[in-house]
There are 2 protein chains.
Amino acid sequence: MNHQRECPVETLIHVLGGKWKPMILWHLIESKKRFNDLEKLIPDVSQKMLSQHLRDLEREGIVDRTVYPAIPPKVEYSLSEYGRTLIPVAEVMCAWGENHNKRKYEESAS
Amino acid sequence: MNHQRECPVETLIHVLGGKWKPMILWHLIESKKRFNDLEKLIPDVSQKMLSQHLRDLEREGIVDRTVYPAIPPKVEYSLSEYGRTLIPVAEVMCAWGENHNKRKYEESAS
DNA sequence: TAATGCACTTACTTAAAAGTAAGGGGATGA
DNA sequence: TCATCCCCTTACTTTTAAGTAAGTGCATTA
């Protein structure tokens, strides 16, 4: 890490920041998902937020959107090859987050 | 990673999200800093945001705030022992961010 | 006496993110 | 014919984050 140049942590936060994108990534790491699947998996997400963030992630090249020309329409979202480079990032972020939650839990229990 | 439970990436984003906290972390990884140092190192940050986010990070136990009872007041901010657990996280986030920036640069150049 | 430096705080304003509610297109099934 | 399913989009409102500007307290220096 180089402390002279601009901090690129910001870039990651820009791409993955906000309330919903990490959740979407999280579920797509496991497997490709349809719009409705994600809606069910992510409690309280509105359709608007879901479609907006999926579009953002698609624009960044992280998510692939595959449309099957069927009726009713079928659209699948999956991590792109590039998106898969985020898996190790998600892993350390999750590991830290889990530990932090545990710590807070133990703190509140004492 | 466990996809049944709640995604803890959110936790990390909660702790480190927003525009300024990653920057503060970034500079404190290098060495402890005073309020004014951070103000100079982080362009465009307002005093309000700086003090607010330093306080947030302090409350989360990530940053230690040391006050020297001198006049003019001297306050030093440093990563706590717990805060140092974020260093590996920052490293992978930075690495990904740098790569992403490079990719976007090459994309726009072509 | 006045100005300066440090580390903030407060009040107010603006911008960005998210929530709510409704609609739309294009079939198919009852 | 009417309702239903899927994948959204649009318009509008609310909430949250951030920006701006000014002020505070204490002491030292000029």
Side-chain angles (χ1 to χ4, degrees), chain A residues 6-7 9-28 31-60 62-79, chain B residues 6-7 9-28 31-60 62-79:
Chain A
E6 203 188 321
C7 170
V9 176
E10 271 197 304
T11 305
L12 192 272
I13 293 279
H14 178 76
V15 171
L16 216 56
K19 198 167 165 179
W20 302 116
K21 289 195 188 102
M23 296 281 275
I24 294 171
L25 171 68
W26 176 254
H27 290 292
L28 292 184
S31 68
K32 65 187 173 189
K33 296 273 174 346
R34 300 183 61 179
F35 191 89
N36 269 17
D37 297 335
L38 288 168
E39 220 182 327
K40 280 165 207 151
L41 285 166
I42 305 175
D44 305 330
V45 74
S46 63
Q47 292 183 326
K48 178 189 167 184
M49 284 296 113
L50 189 51
S51 91
Q52 186 178 301
H53 292 304
L54 281 167
R55 238 147 266 277
D56 289 350
L57 292 168
E58 195 195 350
R59 202 176 41 245
E60 295 283 356
I62 287 158
V63 161
D64 283 338
R65 184 172 186 269
T66 315
V67 184
Y68 298 90
I71 300 293
K74 180 177 171 181
V75 185
E76 274 179 354
Y77 299 93
S78 54
L79 277 192
Chain B
E6 203 189 321
C7 170
V9 175
E10 271 198 304
T11 306
L12 192 270
I13 294 280
H14 177 76
V15 172
L16 217 55
K19 198 167 166 180
W20 302 116
K21 289 195 189 100
M23 296 281 275
I24 295 171
L25 172 68
W26 176 255
H27 290 292
L28 292 185
S31 66
K32 64 187 175 190
K33 295 274 175 345
R34 301 184 61 179
F35 191 89
N36 269 16
D37 297 336
L38 288 168
E39 220 183 326
K40 280 165 206 150
L41 284 166
I42 305 175
D44 305 330
V45 74
S46 64
Q47 293 183 324
K48 177 189 165 182
M49 283 296 114
L50 189 50
S51 91
Q52 186 178 301
H53 292 305
L54 281 168
R55 239 147 264 278
D56 288 351
L57 292 168
E58 195 195 348
R59 202 175 41 245
E60 295 282 358
I62 286 158
V63 161
D64 283 338
R65 184 171 185 269
T66 314
V67 185
Y68 297 89
I71 302 292
K74 181 177 175 182
V75 184
E76 274 181 354
Y77 298 93
S78 55
L79 277 192

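Naming: A, B, ... by sequence-line order, numbering from 1 per chain. These numbers come from a predicted model, not from an experiment.
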Length of the line joining [X]:[atom1] and [N]:[atom2], which is rounded to integer Å:
| X | N | atom1 | atom2 | answer |
| --- | --- | --- | --- | --- |
| B:Tyr68 | D:dC26 | OH | C1' | 20 Å |
| A:Met49 | D:dT9 | CE | P | 12 Å |
| A:Asp44 | C:dT20 | CG | P | 9 Å |
| B:Asp37 | C:dG5 | CG | C1' | 13 Å |
| B:Lys40 | C:dG5 | NZ | P | 10 Å |
| B:Arg55 | C:dT10 | CZ | P | 10 Å |
| A:Gln52 | D:dT10 | CD | P | 12 Å |
| A:Glu39 | C:dG19 | CD | P | 13 Å |

Nearest to the [X] side chain among [options], which nucleotide is it?
| X | options | value |
| --- | --- | --- |
| B:Pro73 | D:dT9, D:dC6, C:dA7 | C:dA7 |
| A:Arg34 | D:dG19, C:dA18, D:dC7 | D:dC7 |
| B:Asn36 | D:dA18, C:dA7, C:dG19 | C:dA7 |

Under 4.0 Å between a side-chain N or O of [X] and OP1 or OP2 of [N]?
| X | N | result |
| --- | --- | --- |
| A:Lys19 | C:dG19 | yes |
| B:Ser46 | D:dA18 | no |
| A:His53 | C:dA17 | no |
| B:Lys48 | C:dA11 | no |

Would you indicate whether B:Lys32, at its atom NZ, is surrounded by more than 12 heavy atoms from other residues, nucleotides or ligands within a distance under 6.0 Å?
-> no
Do [X] and [Y] have side-chain heavy atoms sitting under 4.5 Å apart?
| X | Y | value |
| --- | --- | --- |
| B:Leu25 | B:Leu79 | yes |
| B:Ile42 | B:Ile24 | yes |
| A:Met23 | A:Val45 | no |

Closest-nucleotide ordering on DNA chain C, the 5'-leading residue of A:Val45 and B:Pro72 = B:Pro72
Give the minimum heavy-atom separation between A:Leu57 and A:Lys21, together with the two atoms involved.
-> CD2-CD, 3.8 Å
